[in-house]
Protein chains: 2
Amino acid sequence: MRGVQLKTVATGARPAFADTIIRGDCVAALEQLPAHSIDVVFADPPYNLQLEGGLTRPDQSVVDGVDDAWDQFASFEAYDAFTRAWLLAVRRVLKPDGTIWVIGSYHNIFRVGTMLQDLGFWILNDVVWRKTNPMPNFRGKRFTNAHETMIWASRGPKSRYTFNYEAMKAFNDDVQMRSDWLIPICTGSERLKDEAGDKLHPTQKPEALLARVLLASTEPGDIVLDPFFGSGTTGAVAKRLGRHYVGVEREEAYIEAATARIAAIETAPAAALQLLKGKKAEPRVPFGALLERGLVQAGAILSAANGRHQARVRADGSVESGSHSGSIHKVGALVQGLDACNGWTFWHTHVDGRLALIDTLRQQVRDEMAVAGG
Amino acid sequence: MRGVQLKTVATGARPAFADTIIRGDCVAALEQLPAHSIDVVFADPPYNLQLEGGLTRPDQSVVDGVDDAWDQFASFEAYDAFTRAWLLAVRRVLKPDGTIWVIGSYHNIFRVGTMLQDLGFWILNDVVWRKTNPMPNFRGKRFTNAHETMIWASRGPKSRYTFNYEAMKAFNDDVQMRSDWLIPICTGSERLKDEAGDKLHPTQKPEALLARVLLASTEPGDIVLDPFFGSGTTGAVAKRLGRHYVGVEREEAYIEAATARIAAIETAPAAALQLLKGKKAEPRVPFGALLERGLVQAGAILSAANGRHQARVRADGSVESGSHSGSIHKVGALVQGLDACNGWTFWHTHVDGRLALIDTLRQQVRDEMAVAGG
DNA sequence: AACACTAGTGAATCCAACA
DNA sequence: TTGTTGGATTCACTAGTGT
């Protein structure tokens, strides 16, 4: 099901709203999109910072806090109502197997997380963005606020969501990617500036953060929605990685800047966008195929690595061991007294007097199939 | 079995309930305490894990999940009611300038944080406990759940709470203590065992975690309340650091074990507290971090020193060379026909027309990361 | 004594394709 | 929709045993 949609998108038949920025209020704008049309949502909503009075550094210079009108809410109730409204709007356009990311700080993320759960989303992970270079706590009254939190959730408990496990593992030097990511904040040339040379947007996110998000949870050709598009980091990274984006943004100045920013981005070559896939993505080879190709003979004896278990291959591709019979997996489980067993990585054949794992024979078949397939 | 007797700490009069464990339900037990009598609360409430079915490791061994009755709630509403009740009970006994710590995971921490805000608490920080040795994700479906979250809050926005800024800074090699703490889980001899040699309590917290909490937010002689006392880590660390504790616990077995545990603790001389400093290991830098920082581009060609092998970098941090693909290490091994290869000291990039070992790029990143503590 | 090897385990919301 | 089955999937650390 998913693969069909993916191919459609990849061949150019993508919806008209792909790679556009919709100007307007988040909820109203999302009503223009068809239901179940979005693969992944990345949302960076207002944090509802409650700053009272100005903050100064030890040298009395003024800290440029986030005090924009869009970040002001009268109460927690007002913020909850706002959160509920945009999450419901997003939920409508999200595909059943889609996922959503929301980033926030302790000011708002707990309310967002609660609302996500209340609306039926199923939290998959909370991911901590650890900043290499956070703003210090100038007054020495708290711990340096050195991280932000992202919640990653599927639309519901049974969703079959996309997670590029092998790619993340390779990215992380062959150990599983953890839920804490160390990434610098957005500074220097990456940070968009206005005419006066000041930062254009108060909370521009680093492209590295979005890149990891999209590499983990999308495939090339997927459509990513950002309902608080701002300076367009989501769109820029989506384009660079060969994904499509849809942005919603209220302020014209941000839309203009984001449009110019994204126009300057080049999509990486297709070869570089190939995602590392695990064994699950490889074609299934039944054990019987090994018999058909003569790699295993009917009547041959399979052995466990420790020599404790043996089984005889039957002509139909099943095996038997004592009173047990069935697939290589079933018999492997039975002789060990386990609930399950991967027969491919349990049984060995005798080749030239030595034991060889039958999984290596399967790989031979797969290699032959790859050649035949082109 | 109402409590334990401890030596009087030389800070003057202390209430009768100091250094005792109250048996019973959290809310009912707290009614026995006078209002505004507690300096700091540390709470490790049930996480409301919603586990369905069993989970096995790749070797088919069974994962011992938390399925205790105290962690079962009928719904989010039931969990919220529970949370509200114990937070209100705790709020009554907390001093006006006191603070509260609550630890949790993504299953419950968002609901706890929302309730804290709704009841008038003022969040000071959310602190991430990064585990050095978390349980892996056995099925490869999510990111390794490698952290838990603590919320630190004062009783209200105007509280004049205790934060030992200088002590934390000294603890952290003279840079401000950040909101992400790297601490191992509780294992080995620190982990309490039952008669059968199995873990006594399913969720015993490490003493190092509590030590940092108490050193940051209490003064010697303060009274620390733990409404879910369990195996008594809070009491043990409080005693060792010269603080007083009050515990509430329902299960007699835990009370007995905690009592014995605390009795064996000796309060440390102040000078010894410096020993809590931990050494920082050299941070591990995955290959993907070089892409994130733009030191290597997707599509770039890596070469072996002898020029015999080349590989193309993909956006997800994997590389491909002919029919081989995977991490820099795996592909390095495959192209050489070896079992293993250190990709860092094998592959080179082209920088200004010359070959540069990618290991030197790693060192650049490491230098940037040093401040963030790995 | 030092090292090698095996076995065990930790707050976990952990499968997918097919009949 | 439900049940069956093929077969994919782990990191850091401790403790114990054997050489």
Side-chain angles (χ1 to χ4, degrees), chain A residues 1-3 97 117 121-126 153-154 156-161 163 165-166 169 172-179 277-282 284-288 306 317 326-330 332-333 339-347 358-359 362, chain B residues 44-68 70-73 76 103-109 129 131-149 184-191 193 197-199 201-206 230 284:
Chain A
M1 199 80 66
R2 184 177 183 80
D97 289 339
Q117 292 180 313
F121 290 95
W122 193 246
I123 299 179
L124 300 170
N125 279 112
D126 59 331
S154 63
K158 307 219 168 168
S159 295
R160 296 193 311 207
Y161 55 90
F163 177 53
Y165 173 77
E166 290 288 341
K169 189 171 174 178
N172 198 37
D173 283 5
D174 290 332
V175 291
Q176 294 185 341
M177 185 68 81
R178 297 166 43 113
S179 55
K277 299 285 189 179
K279 286 185 185 174
K280 279 177 195 159
E282 296 193 52
R284 198 175 85 80
V285 174
F287 182 65
N306 57 18
S327 71
I328 52 173
H329 315 293
K330 187 178 172 187
D339 287 339
C341 167
N342 183 344
W344 291 109
T345 55
F346 178 71
W347 295 111
I358 60 175
D359 200 34
R362 177 171 66 163
Chain B
D44 184 10
Y47 286 10
N48 191 24
L49 300 188
Q50 293 161 29
L51 308 179
E52 292 184 13
L55 179 66
T56 55
R57 299 186 179 81
D59 64 2
Q60 303 302 326
S61 63
V62 174
V63 175
D64 184 19
V66 176
D67 56 357
D68 304 67
W70 49 255
D71 200 42
Q72 306 297 320
F73 293 86
F76 284 131
I103 185 168
S105 66
Y106 65 83
H107 309 84
N108 72 320
I109 198 66
W129 168 27
K131 305 179 184 183
T132 59
N133 47 350
M135 189 186 295
N137 184 285
F138 295 116
R139 307 302 287 266
K141 303 309 290 183
R142 305 179 178 193
F143 300 101
T144 304
N145 198 355
H147 74 277
E148 295 186 25
T149 300
I185 63 175
C186 181
T187 58
S189 60
E190 186 185 324
R191 189 96 195 208
K193 305 292 198 305
D198 298 321
K199 60 187 174 194
H201 192 281
T203 69
Q204 184 179 341
K205 297 294 178 287
R284 200 174 68 78

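What you see is a predicted model; the values in this text were computed from it and never measured. Below, read A as the first sequence line, B as the second, and so on, with proteins coming before strands; counting in each chain starts at 1.
At the phosphate of dG7(D), OP1 or OP2 sits under 4.0 Å from a side-chain N or O atom of Arg284(A). For dT10(D), the OP1/OP2 oxygens have a side-chain nitrogen or oxygen of Tyr165(A) closer than 4.0 Å. At dA16(C), one or more side-chain N or O atoms of Lys141(B) fall inside 4.0 Å of OP1 or OP2 (strictly under the cut-off). Considering only side-chain N and O atoms, Arg139(B) lies nowhere under 4.0 angstrom from the phosphate OP1 or OP2 of dG7(D). Residue Asn342(A) places at least one side-chain N or O closer than 4.0 Å to OP1 or OP2 of dA8(D).
Taking atom CG on Asn125(A) and atom P on dA12(C), their separation rounds to 13 Å, with Å as the unit. Asp174(A) has its CG atom 13 Å from the P atom of dT9(D), to the nearest Å. At whole-Å resolution of the value, NZ in Lys277(A) and P in dA8(D) are 16 Å apart. In this structure, Arg178(A) places its CZ atom 20 Å from P of dC14(C), rounding to the nearest Å. Per the geometry, CG belonging to Asn137(B) stands 9 Å off P belonging to dC15(C), to the nearest Å. Regarding Glu282(A), its CD atom lies at a distance of 12 Å from the P atom of dG7(D), rounded to whole Å. Rounded to an integer number of Å, the gap from CD of Glu166(A) to P of dT10(D) is 7 Å. Rounded to whole Å, the distance from NZ on Lys330(A) to C1' on dT4(D) is 11 Å.
Minimum heavy-atom separation, Asn133(B) to Pro184(B): OD1-CA, 3.6 Å. Between Gly317(A) and Phe287(A), the closest heavy-atom pair is O-CD2, 3.2 Å.
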Which dot-bracket notation, 5' to 3', represents the base pairing of DNA chain C when pairs are defined as Watson-Crick or G-U with both distances under 3.5 Å, crossing pairs as [ ], and inter-strand pairs as |?
.|||||||||....|||||
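Side-chain N/O atoms of Ser105(B) and His107(B) include a donor and acceptor closer than 3.5 Å.
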Nucleotide N/O to protein N/O under 3.5 Å, stretch nucleotides 9-11 of chain C:
| unit_1 | atom_1 | unit_2 | atom_2 | d |
| --- | --- | --- | --- | --- |
| dG10(C) | OP2 | Lys199(B) | NZ | 2.7 |
| dG10(C) | O5' | Lys199(B) | NZ | 3.2 |
| dG10(C) | N7 | Arg57(B) | NH2 | 2.7 |
| dG10(C) | O6 | Arg57(B) | NE | 3.1 |
| dG10(C) | N2 | Pro134(B) | O | 3.2 |
| dA11(C) | OP2 | Arg191(B) | NH1 | 2.8 |
| dA11(C) | OP2 | Arg191(B) | NH2 | 3.2 |
| dA11(C) | OP2 | Pro202(B) | O | 3.1 |
| dA11(C) | N7 | Lys205(B) | NZ | 3.3 |
| dA11(C) | N6 | Pro45(B) | O | 3.0 |
| dA11(C) | N1 | Tyr47(B) | N | 3.1 |

Identify the pairs formed between an N or O of the protein and an N or O of nucleotides 17-19 of chain D at a distance under 3.5 Å, and give each distance.
none

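Ring geometry for Phe163(A) versus Phe143(B): interplanar angle over 60°, hence perpendicular rather than tilted (30 to 60°).
Within the 4.0 angstrom heavy-atom criterion, no nucleotide atom of any strand lies near Gly343(A). Contacts of Ser189(B) with the nucleic acid, taken as non-hydrogen atoms under 4.0 Å apart, involve only primed sugar atoms and P, OP1 or OP2. Residue-level contact check: Leu124(A) touches neither bases nor backbone, having no heavy atom under 4.0 Å from any strand.
With respect to the salt-bridge test (charged N to carboxylate O, under 4.0 angstrom), the residues Lys131(B) and Glu148(B) qualify.
For Asp59(B), the CG atom sits in a packed shell: over 12 heavy atoms of surrounding residues, nucleotides or ligands are nearer than 6.0 Å.
Checked against dC13(D), dA8(D), dA16(C), the side chain of Thr132(B) finds its nearest nucleotide in dC13(D).
Below the 3.5 angstrom threshold, one finds no donor paired with an acceptor across the side chain of Glu190(B) and the base of dT14(D).
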